[in-house]
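Okay, structure first, notes after.
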2 protein chains.
Amino acid sequence: MVTVDGMALGKDYATQECSIARALEVIGERWTMLVIRDALYGVRRYNDFLVHLGIPRAVLAARLQTLTAEGILEKRRYQESPPRDEYVITERGIALWPTLRSLGIWGREHFQEARLRSYRHADCGTELGTYGECPACGTLVPVADVLMVPEPGLSQDPADPVSKALLKPKRLLEPVETTSA
Amino acid sequence: MVTVDGMALGKDYATQECSIARALEVIGERWTMLVIRDALYGVRRYNDFLVHLGIPRAVLAARLQTLTAEGILEKRRYQESPPRDEYVITERGIALWPTLRSLGIWGREHFQEARLRSYRHADCGTELGTYGECPACGTLVPVADVLMVPEPGLSQDPADPVSKALLKPKRLLEPVETTSA
DNA sequence: CGAGGTTGGTTCAATGACCGAACCTTGGGT
DNA sequence: ACCCAAGGTTCGGTCATTGAACCAACCTCG
C-alpha cells in the first residue's frame, strides 16, 4: 500500500514497534542530539548554536523548529524591539540528560583518551556516577544542580565565543554569557 | 575552497570537542542504533536483521561493516560449507545498554501510551530501574541477566519470524531462534 | 544432472537530506 | 543615509538512503 504522502527516507522507522525507535524518530536526525546537548549547556540563541556547532543555517532552523514542535525546546521572546526569541530546553528535553550522559561516557571510554569535562554535584562537589547520581549523597542529582567543570585536555582559547564561555565551570541549564558588546 | 576529499555530509562533527559527538560519529547514522538494539536482543544473522528492521539491504550491509570495524559487532563464522557468518555484539556494544535503555524509557514516557516490553532481573524477577539496576538486589544487573518480557500492547502474530521469536520472554544477548526448518 | 531454495550480499537509478554561500528582513546605532 | 546584528530563507551541488533487480556460492530434491 502506497500512502499518499511520499515520506521515503525521513524520520519514521515504519515497521518498528519499539520505544527506542519512537525516540529516534524524534531526536535521531543528524545534529539533533548535539543541539539538545548545547541546550542543556545553556545555549539558547540561534547564533550561539550556529557558531558553536558549525551547523548549516538551514539545518539549524529546521532542527529548532522540529524540537520546538516536539516540545523539547520552547521558543521564548526575550526582548521586544528588535523582537528576539531564544530557545529554552523544556522538562521533556531535560529528561534526556541521562541518555546523553551515558552516551558521552561510552564515547569517552571507547573512542577518546582525554577527559574533556567532568560533572559534579554542585552541593557537595562529588563527581557524578554513570547515570547522573551523586555517589556521596546517594541521590539522583537534578540537572540544574549539576556543575560542569572543564578539564585540562579541552583546548584553551577556542575560536567561537560560546566555547570560550563554556571554558569556566557552570551549572547546566544556566544561560551562557556571550555578551559580545 | 574545495578540499581534496569530499566528505561533506558524512559522519564527522568536525568542530566538536566532545565525547557525545565522538559517540555519534560512530553510532549516529540512521538505523545504526536499531541494529545495535537488535543485536542486544540476540539477533545475529543478516537475514534476521533484514526482516525485523525492514532496512534496505545495502544500508544493512554498510552498517554491519561499520559496526564491525568499530568493534561493536564481531563477525563470526558459525558454519563451514555453506560458509555462513553471524554478527555478535561485543563488550563495546553491550556497554551501550544503559544508553539504549534510558532512550527507550524517554521515548515511552513522552511519545507512547502503551508499554511494549518490560525488563527484569532474571535472578529475582524484579523490574529494572531506570538505569538497568535491580531495586531489590541493589546491584547493577549484567546485561546477560536481563530478562526481556513482552507486555500486552505488543502486537500478537507479527509478520516476520524474528518478531515472532521475540514474543516470548528471553534473556538479552541470548541468540534468537529462527529455525524456519 | 538440473531446478529451485537459502543466505548474504552488490549494483543501480531515483529521491531526499545536507552543505555552504548568498541573499533577505527587521530594527537599531551614528 | 549607511552600516551592523540577529535570525532567518533560497538555491545549486553533493552525499546518503531507498527499493528493486541482479549475483553467487552452496545445498537439496527429484
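A, B, ... follow the sequence lines: proteins, then strands. Residue 1 opens every chain. Just so it is clear, the values below take in all heavy atoms, side chains as well, and ignore hydrogens, waters and symmetry mates.
Between Glu25(B) and Tyr13(B) there is a side-chain heavy-atom pair separated by less than 4.5 Å. In this structure, the side chains of Gln16(B) and Leu34(A) come closer than 4.5 Å at one or more pairs of heavy atoms.
Residue Tyr87(A) places its side chain closer to dG8(D) than to any other of dC18(C), dG8(D), dG19(D).
Rounded to whole angstrom, the span from the CG atom of Asp12(A) across to the P atom of dT18(D) amounts to 10 Å. Across the protein-nucleic acid pair, Asp48(B) atom CG and dG8(C) atom P stand 8 Å apart, rounded to whole Å. The interatomic distance linking Glu29(B) (CD) with dT18(D) (P) rounds to 11 Å, in whole Å. With rounding to whole Å, Arg63(A) atom CZ is found 16 Å from dG8(D) atom C1'. Summarising the geometry, the separation between CD on Gln65(A) and P on dG7(D) is reported as 15 Å, rounded to the nearest angstrom. Note: CD (Glu86(B)) to P (dG9(C)) measures 12 Å, nearest angstrom. Atoms CG (Leu50(A)) and P (dT9(D)) sit 13 Å apart, rounded to a whole Å. Protein atom OH of Tyr46(B) is 13 Å distant from nucleotide atom P of dT7(C), rounded to whole Å.
There is a side-chain donor-acceptor pair under 3.5 Å between Tyr78(B) and Arg45(B). A donor and an acceptor atom, one from each side chain of Ser118(B) and Glu151(B), are located under 3.5 Å apart. Using modelled atom types and a 3.5 Å distance limit, the side chains of His52(A) and Asp38(A) yield a donor-acceptor pair.
The shortest heavy-atom contact between Arg117(A) and Leu154(A) is NH1-CD2, 3.6 Å. Listed here is the closest heavy atom pair of Gly153(A) and Leu116(A): O-CD2, 3.4 Å.
With Thr68(B) contributing its side chain and Leu64(B) its backbone, the two residues share a donor-acceptor pair below 3.5 Å. Using modelled atom types, no side-chain atom of Arg63(B) and backbone atom of Glu29(B) make a donor-acceptor pair closer than 3.5 Å. Formation of a donor-acceptor pair under 3.5 Å by the Lys168(B) side chain with backbone atoms of Val149(B) is not found in this model. Between the side chain of Lys164(A) and the backbone N or O of Gln156(A) there is no donor-acceptor pair closer than 3.5 Å. The main-chain N or O of Gly104(B) is found under 3.5 Å from a side-chain atom of Ser19(A) such that the two form a donor-acceptor pair. Remark: side-chain polar atoms of Glu133(B) are paired, donor with acceptor, to backbone N or O of Tyr131(B) under 3.5 angstrom. Side chain of Gln79(A) to backbone of Pro82(A): a donor-acceptor contact under 3.5 angstrom is found.
Across all strands shown, Ala58(A) has heavy atoms under 4.0 Å from base atoms, whether or not it also approaches the sugar-phosphate. As judged by a 4.0 angstrom heavy-atom cut-off over every strand, Val59(B) is placed among the base-contacting residues.
In this model, the phosphate group of dA5(D) is not approached by any side-chain N or O of Arg45(A) to a distance below 4.0 Å at OP1 or OP2. For Arg30(A) and dA16(D), the shortest distance from a side-chain N or O to OP1 or OP2 is not below 4.0 Å.
Look at Arg171(A) and Asp145(A) and you find a salt bridge, because one of the NZ, NE, NH1 or NH2 atoms lies within 4.0 Å of a carboxylate O, short of that distance. No salt bridge links Arg22(B) with Glu17(B); every basic N to acidic carboxylate O contact stays at or beyond 4.0 Å.
From one end of the helix from dC1(C)-dG30(D) to dT30(C)-dA1(D) to the other, with five pairs defining each end axis, the axis direction shifts by 10° (rounded to 10°).
At a non-hydrogen distance threshold of 4.0 Å, Lys75(A), Tyr78(A) from residues 69-78 of chain A come into contact with DNA chain D. Scanning residues 19-28 of chain B for heavy-atom distances under 4.0 Å to DNA chain D yields an empty list. Contacts between residues 31-44 of chain B and DNA chain C, defined by a heavy-atom separation under 4.0 Å, are absent.
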Enumerate donor-acceptor pairs with a distance under 3.5 Å from any side-chain N or O in residues 89-97 of chain B to protein atoms, sequence neighbours excluded.
unit_1, atom_1, unit_2, atom_2, d
Thr90(B), OG1, Gly71(B), O, 2.6
Thr90(B), OG1, Ile72(B), O, 3.1
Thr90(B), OG1, Arg92(B), N, 3.3
Thr90(B), OG1, Gly93(B), N, 3.4
Arg92(B), NE, His110(A), ND1, 3.3
Arg92(B), NH1, Glu70(B), O, 2.7
Arg92(B), NH2, His110(A), O, 3.4

For this session: Can you check each nucleotide of nucleotides 22-30 of chain C against protein heavy atoms at under 4.0 Å and return B for base, S for sugar-phosphate only, - for none, in 5' to 3' order?
Result: B----SS--
